[in-house]
Every structure is written in structure tokens, then in C-alpha cells.
Amino acid sequence: MAEPTKKGLEGIVVAESKTSLVNGQDGKLVYQGYSIETLAENALFEEVAFLLWEGRLPNKAELENLRAAIATEAALPAEMLAQLKSYPKNADPMAMLRTAVSALAMYDADSEDQSVEANRRKAIRLTGQITTICAAWDRIRKGHEPLAPRKDLNLAQNFVYMLTGHEGKEPDATAVEAINVYLVLLAEHGMNASTFASRVTVATGSDMHSGVVSGIGTLKGPSHGGANAEAMHMFLEIGEPENVAEWFRKNIKEGDRRIMGIGHRIYKALDPRAAILEDKAKALAESSGNSKWFQIAKQLADTARADAYFIERKLYPNVDYYSAIVLYTIDLDVDMFTPLFAMARVVGWTAHIIEQFANNRLIRPDLNYVGPMGLPWVPVDQR
Ligand SMILES: CC(C)(COP(=O)(O)OP(=O)(O)OC[C@H]1O[C@@H](n2cnc3c(N)ncnc32)[C@H](O)[C@@H]1OP(=O)(O)O)[C@@H](O)C(=O)NCCC(=O)NCCS
């Protein structure tokens, strides 16, 4: 007797994990015992990386060691930089990142070593290198030379420096603070689709780079990490706050579009990361002197939240909704939003990969066959 099909694996528990708790009913998120609100308020991204990889917060010396290790390992092999320069300048940045991370495995001496020590080294290296690749790519495609990461900076500072800096120019403090909070909020999120893909990949005994490449490919889709860029395209299409009501009526009520950045498989209450990012987006919009995009986002969210369709289905803004406004306000190109998500989530993917290896079993679900049976073979010239 066949088991009922669980489309989209909804409600299926596939692992035990100490990384994070996502409580969708109450809108709570916890990394290794710490609430996301506490971490967003206090933590450096490197502290969260240590927490997720080691299961506890670092002391001062451990934090400094990890910061320095990530900054040092962030330097790319010369062959990688040459490759980046050879990619088509109009390539989708997520396609670029997926290809570049796959190529990095071939320059990594630890690539095929699956020991715990090697996997920790690779987690640190990939976290640094992905940041450098993202910043280098944005410069290369705009015709500028990439900048090497600085060993004295933390990851958020290094990203802003490599993206916009030059010698003698310190990274902008407002952008650094926004990027750090964004990275902390996006670092980890239970058994999301890209983390699941990473775990499935390494559960076959494959390597960490392959797991991260699977994660990047999965994150790229608009139902997952691609939603932040899609949300911004939607706000740009709306254009002005006074267009929100008409846009909602035409596209959502009378059309069949979805509001990007709204809805979630697990959260049936407000995503706690969206609440934090809404505040950040508002503060950034006010301090930048341009509140238009925040106003559009806020009005659209309020319109949806007052609508019976959204109320009945418990559809609230998710992390990608207001993060689009935060990233746009600090002048990041829209197609770099999802690579930035990958810059954060690589920490979660690698934490899960390490956890999967520690207690591995092949992940191999089943399906219900609904095709025909017993067909007679017809030779090709008689079909
Ligand atoms: C995230 C998402 C893929 C979750 O999907 P899911 O759990 O499979 O939920 P479903 O697609 O089955 O949606 C459930 C219902 O809500 C509706 N719905 C879900 N998200 C919606 C949205 N953003 N706008 C309008 N309606 C939406 C669906 O049409 C469906 O309605 P129905 O029951 O009448 O068919 C979905 O909410 C979505 O597409 N959101 C927009 C993309 C996005 O922001 N993704 C980032 C997630 S962090």
C-alpha cells in the first residue's frame, strides 16, 4: 500500500539539528539557543559563524582568531581571479557564483579531505572567498580591477571595502552596520531548501564544495533566495507610493501574480527577521533622505495584511521583503542581493554539512509511481 504523497515534503522531519530552531507558529528564530533579536542587536557576523560551527560563542581571542582567519582565507587564488575576468560580463551573478565556487574546489588542497579539521578549514575559507568573489565580480563587470581583502577588517567591512573602496578610503560605517546585521539574520534557517540540498549532496559522501554549490543553485530560485531581488523589481515597478493600491488591485486581486517577499512555508506569523529588517529599512531610509522605497514596501505590506486572502492564508512579509529595501538603500545592485544572501548562508550550509557528516546516512526519499504498467515492446520502425 503506497504512502500518501507529501508534495513539497511539507511537514516531513528529515534530521535532528542543533543549529537553529524555526518556530513558524509564533514567529521565533533561535540559533544555538540565542534569539535572533539578541544576535541582531549584539553579534558580529564572525561571532555567529563561530556559534554555528562550534556550538557556543567565542571568547575574545577565539573571535579575533576567526576574524583574522576568514580575512586571510578570503584571498582568491590568482587562477580564480583570471577565471572571473574571463566570464561574460552580463552573466547572472548567482550563475557566476555557482561556477566560481565549483572551480574553487580544484584549487583547494583540502577539497577531497572529509575530516572534521579539513571541513572546518574549508568552511572558514569558503566564507571568506565567497565574499571576495561577490565584491570582485561587481567590480570586474563594471570594468574595474578587483581589490584584495584586507587582513585587518571583519567580513562586513571587507565586503564594503572590496566593493566600493580604494586605498586610504575606509568602508562606510552605515553600510557596514547594515551588511553585518543582514549577514547575522540570514546566516542560518533550519531545513530550508538550499540547506536541504547541501545536506542531500554531502550525505552521498560527496565533498563540502559540492554541497555549497548545491546550496547556491537552490538559493537562486525566486521562491527562495531569489525573492529579495524579485521584491525590489516589484517595488521599482510600482514606482510611487500612490500607485500601490492600483498595482495591488490589478496584479494581485485581478491578476495571478504573487507579492514577492511575502509568504513562507514555515512562518504562519510574522517572520522575526522581517520585523528587525523593517526597522532597519525605515531608519536607513530616513537617514538617507529617500523614504520612497520604504513607503512603497510598507504600504503594500499593510494593504496585503488587511486583505482577507492574505489573512486567511497567514501570509506575512518574510526576510526578503524589507531586506530588499535595506540593500537597495546602501546602493547595492539589485542582482547582487541574492549573492549577498549566499555570503551569509554559506555559514549555515557548512554548519549543516559538518553536522551531516558527524551522523551521516544517505538521504533518499521515495515516490509513488503513477505511470503505466505492462506495456508491450514495439520495435522502433513500427512506432
Ligand atoms: C515562500 C512560498 C514559496 C511558500 O510556498 P508554499 O509553502 O509552497 O505555499 P503555497 O505556494 O502552497 O501557497 C499557499 C497559498 O498562499 C498563496 N500565496 C503564497 N504566497 C503568496 C504570495 N506571495 N502572494 C500571493 N499569494 C500567495 C498561494 O497562492 C496559495 O493559495 P491557495 O491555497 O489558494 O492555492 C510562497 O509563499 C511564495 O511564493 N512567496 C513569494 C516568494 C518569496 O517571497 N519567497 C521567499 C521565501 S523566504
Side-chain angles (χ1 to χ4, degrees), residues 45-46 48-50 52-53 66-67 69-77 79-81 83-84 87 91-108 110-111 119-141 146-150 153-163 179-180 182-189 194-195 197-198 201-202 207-220 224-226 228 327 332-333 335-354:
F45 179 58
E46 281 85 341
V48 166
F50 191 103
L52 291 167
W53 290 332
L66 182 63
R67 184 211 59 73
I70 292 177
T72 305
E73 296 285 356
L76 297 177
E79 295 90 338
M80 190 70 244
L81 280 169
Q83 254 199 51
L84 287 178
Y87 294 164
D92 178 275
M94 283 300 278
M96 174 286 300
L97 186 62
R98 189 189 58 220
T99 307
V101 171
S102 187
L104 273 179
M106 295 183 282
Y107 303 104
D108 194 318
D110 287 324
S111 168
N119 279 330
R120 289 203 166 151
R121 287 195 297 273
K122 284 185 277 187
I124 291 172
R125 199 170 295 139
L126 278 163
T127 301
Q129 287 172 329
I130 286 179
T131 294
T132 307
I133 289 171
C134 289
W137 175 249
D138 198 51
R139 289 179 84 96
I140 289 169
R141 69 177 180 167
L147 290 177
R150 271 171 48 182
L153 299 181
N154 65 43
L155 192 122
Q157 291 169 325
N158 244 332
F159 177 68
V160 176
Y161 164 72
M162 289 189 282
L163 194 72
I179 299 270
N180 185 71
Y182 177 83
L183 296 175
V184 165
L185 292 176
L186 277 284
E188 161 60 15
H189 205 237
S194 58
T195 297
S198 294
T201 299
V202 301
D207 61 289
M208 184 175 269
H209 283 81
S210 297
V212 171
V213 169
S214 292
I216 295 170
T218 309
L219 186 73
K220 183 171 180 284
H224 191 7
N228 53 14
L327 300 179
L332 208 71
D333 286 2
D335 64 357
M336 292 302 293
F337 290 7
T338 313
L340 215 76
F341 193 156
M343 256 170 66
R345 189 54 59 83
V346 65
V347 165
W349 293 329
T350 49
H352 278 268
I353 289 169
I354 290 167

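Values below: all heavy atoms of this structure, side chains included; hydrogens, waters and symmetry mates excluded.
Residues that satisfy the side chain to side chain contact (heavy atoms under 4.5 Å, CB included) test with S210, not counting sequence neighbours, are T201, S206, D207. With sequence neighbours left out, T195 forms a side-chain hydrogen bond (donor to acceptor under 3.5 Å, both in side chains) with N192. With sequence neighbours excluded, the residues satisfying side-chain hydrogen bond (donor to acceptor under 3.5 Å, both in side chains) with Q157 are N154. Among residues two or more places apart in sequence or in another chain, the side chain to side chain contact (heavy atoms under 4.5 Å, CB included) test is passed with A103 by M80, Q83, M106. Applying the side chain to side chain contact (heavy atoms under 4.5 Å, CB included) rule to T338 yields the partners M94, L219, N228, A229; only residues at least two apart in sequence or on another chain are considered. Listed by chain and residue number, T19, E188, R199 satisfy the side-chain hydrogen bond (donor to acceptor under 3.5 Å, both in side chains) test with H352 (two or more places apart in sequence, or in another chain). Among residues two or more places apart in sequence or in another chain, the side chain to side chain contact (heavy atoms under 4.5 Å, CB included) test is passed with R150 by D152, L153, N158, Y161, E170. The salt bridge (Lys or Arg N to Asp or Glu O under 4.0 Å) search around R67 returns E64, not counting sequence neighbours. Listed by chain and residue number, nothing satisfies the side-chain hydrogen bond (donor to acceptor under 3.5 Å, both in side chains) test with D92 (two or more places apart in sequence, or in another chain).
Between F341 and H224, the angle of the ring planes goes over 60°, which puts this pair in the perpendicular group of the 30/60° scheme.
Atoms CG and CH2, from D335 and W137 in turn, are 10.0 Å apart once rounded to the nearest 0.5 Å. Summarising the geometry, atom CZ belonging to F337 is positioned 9.0 Å from atom CG belonging to L340; distances are rounded to the nearest 0.5 Å. S111 OG to H209 NE2: the interatomic distance, rounded to the nearest 0.5 Å, is 6.0 Å. To the nearest 0.5 angstrom, I179 atom CD1 is 6.0 Å from L327 atom CG.
For F45 against A187, the heavy-atom pair with the smallest separation is CE1-CB, 4.0 Å. In terms of heavy atoms, L84 sits closest to A136 at CD1-CB, 4.1 Å. Between P77 and Y107, the closest heavy-atom pair is CG-CB, 3.9 Å.
Side-chain atoms of I354 and R120, non-hydrogen and from C-beta on, do get closer than 4.5 Å to each other. Between V346 and V101 there is no side-chain heavy-atom pair separated by less than 4.5 Å. You'll find the side chain of I216 reaches within 4.5 Å of the side chain of W349, heavy atoms only. Looking only at side-chain heavy atoms (C-beta outward), V48 and L183 stay at 4.5 Å or farther from each other. A 4.5 Å side-chain heavy-atom check between L97 and I130 finds at least one atom pair inside the cut-off. You'll find the side chain of Y182 stays beyond 4.5 Å of the side chain of L332, heavy atoms only.
If you run side chain to side chain contact (heavy atoms under 4.5 Å, CB included) between E46 and each of V184, L155, I124, V347, only L155 comes through.
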CA sep, side-chain torsions, deciding dist, call: T350, V212, side chain to side chain contact (heavy atoms under 4.5 Å, CB included): CA-CA 7 Å; T350 49; V212 171; 4.0 Å; yes
- Message: Under the criterion side chain to side chain contact (heavy atoms under 4.5 Å, CB included), I'd like the reasoning laid out for I140 against Y87: C-alpha separation, chi angles, the key distance, then a yes or no.
- Response: CA-CA 10 Å; I140 289 169; Y87 294 164; over 6 Å; no
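Counting only residues at least two apart or on different chains, the side chain to side chain donor-acceptor pair (under 3.5 Å) pairs with a member in residues 124-134 are E73-R125, D108-R125, D110-R125. For residues 128-139, the set of pairs meeting the salt bridge (charged side-chain N to carboxylate O under 4.0 Å, His left out) definition, not counting sequence neighbours, comprises D138-R141, D138-K142.
In this structure a side-chain-to-backbone donor-acceptor pair under 3.5 Å is missing from K220 to G226. In this structure, the side chain of S198 engages the main chain of S194 through a donor-acceptor pair within 3.5 Å.
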